[in-house]
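Just so we're on the same page: letters track the sequence lines, and every chain starts at 1.
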Amino acid sequence: MLSQGISPDCYVLPSVVKATAGLSSLKTGVQVHCLAFVNGHHSDSLLLSSLVHFYLKCDRLMEARKVFDRIPRPNVVACSALLSGYARKGCVEETKELLGEAVEMGLELNSVSWNGMIAGFNHSRHFKDSILMFRDMHSEGFKPDGTSISSVLPAVGDLEMLPCGVQIHGCVIKQGLSQDNWVVSSLVDMYGKCARPNEMSKVCEELHEMDVGACNALITGLSRTGCVEGALKRFKQFKRQGLNLNVVSWTSMIASCSQNGKDMEALELFREMQMEGLKPNSVTIPCLLPACGNIAALMHGKAVHCFSLKNWVSNDVYVGTALIDMYANCGRIQLSRRCFDSMPRRNLVSWNALLGGYAMHGKTKEALEVFNLMQKSGQEPDFISFTSVLSACSQGGLTEEGKFYFDSMSKDYGIEPRLEHYSCMVSLLGRAGRIVEAYTMVKQMPMEPDGCIWGPLLSSCRVHHNLAIGEIAARKLFELEPNNPGNYVLLSNIYASKSMWVEVNSVREMMKSKGLRKNPGCSWIEIKNKVHMLLAGDNLHPQMPEITKKLGELRVEMQKSGYLPHTDFVLQDVEEQDKEEMLCDHSEKLAVALGLLNTSRGFPLQVIKNLRICGDCHAVIKFISEFEDREIFVRDTNRFHHFKDGACSCGDLW
DNA sequence: CTAGGGTTAG
């Protein structure tokens, strides 16, 4: 149009401005603004109105206001846009002032104006103001419509606000909006956040025809209240009934599974959704990837990575971050790094994912390098970054450096230490054998220590055979988490290592009287795209005879080279010979043996375990890594062990 | 011929 020599008038310009707002391109919009100005359109209301909207879209509140003030006779539309803009930014005072000015100018506000402010305040997390606006709207004589309801409901996010939510539900019924799908979705979401599963179902049942949005909110709500089984049941039921489930439905269900320990189900759902002809998007991928990481399903994870490359979502910052996390959890920290380096954009979470990965792998030097690098790149660390830094120092035995970072955190960064930071410090001091110092720190903490403090203290007492402090820590843990069998096992391990069998027995009696049993050890290993689960003392796996035979052969080889079993990891007071046999059926050994049997020499294995790896298994796997020429990754609840050529990356300290 | 508001997945 311009190259034809036609100068744009005040009719076409608002459309052009709208297009630039859609692009969120500040530069282009400003050019159009200039163009309008030189063409003499200084004071056209509609044009200036569209510019107000444009500047708001680009997050330029001041400019938007300046343009608004040049409108000769501002109308409701422009004013409403500015009002919602102020609310979106959380400018409560400005919103109220402008509201006053609007009345002075004689502007008649309408529902759209109110709804914009209500939604805006929720956007800026000013939930109370959102609800106040909803009330004001009502007292100004406006009846809430469907938009008002779904705009205000996100303000009700917890039990404290539930009474407000119930009142709003009352409005819904009174205004006859019970069949409005958007309203119902928001209501279900609200009851889900307030942990009211019965109310969720009730609202859905009252719908004449179930809506996919309400279904999605229901699935998320059920999983949020810890009921994945229920969510899966409803999901299958809706699918059977022929409800048109969309990407959001499938993604919600996948997220719900991967967040609640149903990792295999999440992978299966991903496959199914594609068979149903639905295309996973850039949200589906980061919902699914944690499932791969949780069970160290590296092949599945790589397949998902390929999928994201093929479908052009791999540049998404959430996808990239989830990939970093997945590879780290699958034992491939170098691949995490490669993903990180190839990301076009990163945020705090991406940096923390890499930092946490290095910490979990005990790569202290790399973790500290990344910590420096992130700051050089202008990314401020947060409390999570410090948790990883301290944990890395603890894993690497950098006691003094750890103390330095701990002090620096509050002094130089203004981040007050939380429980998890103290927890790292207890591990840090404890592993250095400075048990008394660790205990002193616990006693001086400004907050009440919980299980994440006493637990590591007890563990280090177990490693360093400190009976006195171990007993104190154990007593606290028995109060705080009476049903956690691990604590009883640790204390009895300390007694057992000192041959105090009477005490060992009394701890075992305590466990028995509470009906507690030692948590069954459980390991997973992925072989040729199939994930195998092995339990301690497993008899179910079809290859069990071969596994036992393999382990027997290995034991003979080990004894030839002077290996002695670490029998103090066996709880029971039994004969030495039996103890050795008990060590032999630990699940991590079974998983490694299964891997050896089913893959060719030189192929790396990765195993994950639901408890901490035991000292004997650690020694055995070190031997295997050399004897069988295998790299073996074992992830336990605490960290990664990378076995290679007879040594472990943890340096035998964990 | 032109300008304004909402829910459900990370």
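- Listed in residue order, the members of residues 147-160 of chain A having a heavy atom less than 4.0 Å from DNA chain B are A/T147, A/S150, A/S151.
- Side-chain contact between A/R635 and A/Q606: absent, with no pair of heavy atoms (C-beta onward) separated by less than 4.5 Å.
- Two residues are said to be in side-chain contact when any heavy atoms from C-beta on lie closer than 4.5 Å; A/S49 and A/V52 fail this criterion.
- Counting any heavy atom pair closer than 4.0 Å across all strands shown, A/S185 reaches a base atom.
- Note on A/A119: only backbone sugar-phosphate atoms sit closer than 4.0 angstrom, heavy atoms only; bases stay farther off.
- Closest approach to the A/V76 side chain among B/dG4, B/dT8, B/dG6 is made by B/dG4 (side chain taken as heavy atoms from C-beta onward).
- In this entry the distance linking CG of A/D9 with C1' of B/dA3 reads 15 Å, nearest Å.
- The phosphate of B/dG4 (OP1 or OP2) has a side-chain N or O of A/H53 nearer than 4.0 angstrom.
- The local environment of CD in A/Q241 is crowded, with over 12 non-hydrogen atoms from other residues, nucleotides or ligands closer than 6.0 Å.
- Between the CG atom of A/N347 and the C1' atom of B/dG10 there is a distance of 12 Å, given to the nearest Å.
- Around CG of A/N529, the count of heavy atoms belonging to other residues, nucleotides or ligands within 6.0 Å exceeds 12.
- Across all strands, A/G146 comes closer than 4.0 Å to base atoms (heavy-atom distances).
- Atom CH2 in A/W114 sits roughly 16 Å away from atom C1' in B/dG4 (whole-Å rounding).
- Taking atom CZ of A/R88 as the reference point, atom P of B/dG6 lies 7 Å away to the nearest angstrom.
- Look at A/R271 and A/E268 and you find a salt bridge, because one of the NZ, NE, NH1 or NH2 atoms lies within 4.0 Å of a carboxylate O, short of that distance.
- Nucleotide B/dG10 holds its C1' atom 15 Å from the CD1 atom of A/I324, rounded to whole Å.
- Base engagement by A/N75 is indicated by at least one non-hydrogen atom pair under 4.0 Å involving a base atom.
- Distance A/L56 CG to B/dG5 P: 10 Å, rounded to the nearest Å.
- Per the geometry, CG belonging to A/N181 stands 14 Å off P belonging to B/dT8, to the nearest Å.
- Remark: A/R88 does not engage A/D59 in a salt bridge, criterion side-chain N to carboxylate O under 4.0 Å.
- Looking at residues 208-247 of chain A, you'll see A/G213, A/N216, A/T220 sit with a heavy atom under 4.0 Å from some atom of DNA chain B.
- You'll find the side chain of A/F121 stays beyond 4.5 Å of the side chain of A/L132, heavy atoms only.
- Between A/F640 and A/H361, the ring planes are parallel. Angles under 30° get that label, and only those over 60° would be called perpendicular.
- A heavy-atom distance below 4.5 Å is found between the side chains of A/K302 and A/L335.
- Listed by residue number, the members of residues 268-294 of chain A with any heavy atom below 4.0 angstrom from DNA chain B are A/N281, A/S282, A/V283, A/P286, A/C287.
- Donor-acceptor pairing under 3.5 Å, judged by distance alone, is absent between the side chain of A/N115 and the base of B/dG4.
- Looking at A/S258, its side chain does come within 3.5 Å of a backbone N or O of A/C287 through a donor-acceptor pair.
- Residue A/D145 places no side-chain atom within donor-acceptor reach of the base of B/dG6, judged by atom type and a 3.5 Å distance cut-off alone.
- Going from atom NZ of A/K193 over to atom C1' of B/dT7 covers 10 Å, rounded to whole Å.
- Checked against B/dG6, B/dG4, B/dA9, the side chain of A/V112 finds its nearest nucleotide in B/dG4.
- Within the nucleic acid shown, A/T251 comes within 4.0 Å of at least one base atom, counting heavy atoms only.
- You'll find the side chain of A/S50 stays beyond 4.5 Å of the side chain of A/L13, heavy atoms only.
- Comparing atom distances between the A/V248 side chain and each of B/dA9, B/dG4, B/dC1 picks out B/dA9 as nearest.
- Looking only at distances, a side-chain donor or acceptor of A/T321 sits under 3.5 Å from a matching main-chain atom of A/V317.
- One finds no salt bridge joining A/R65 and A/E97 here, because no Lys/Arg side-chain nitrogen approaches an Asp/Glu carboxylate oxygen to under 4.0 Å.
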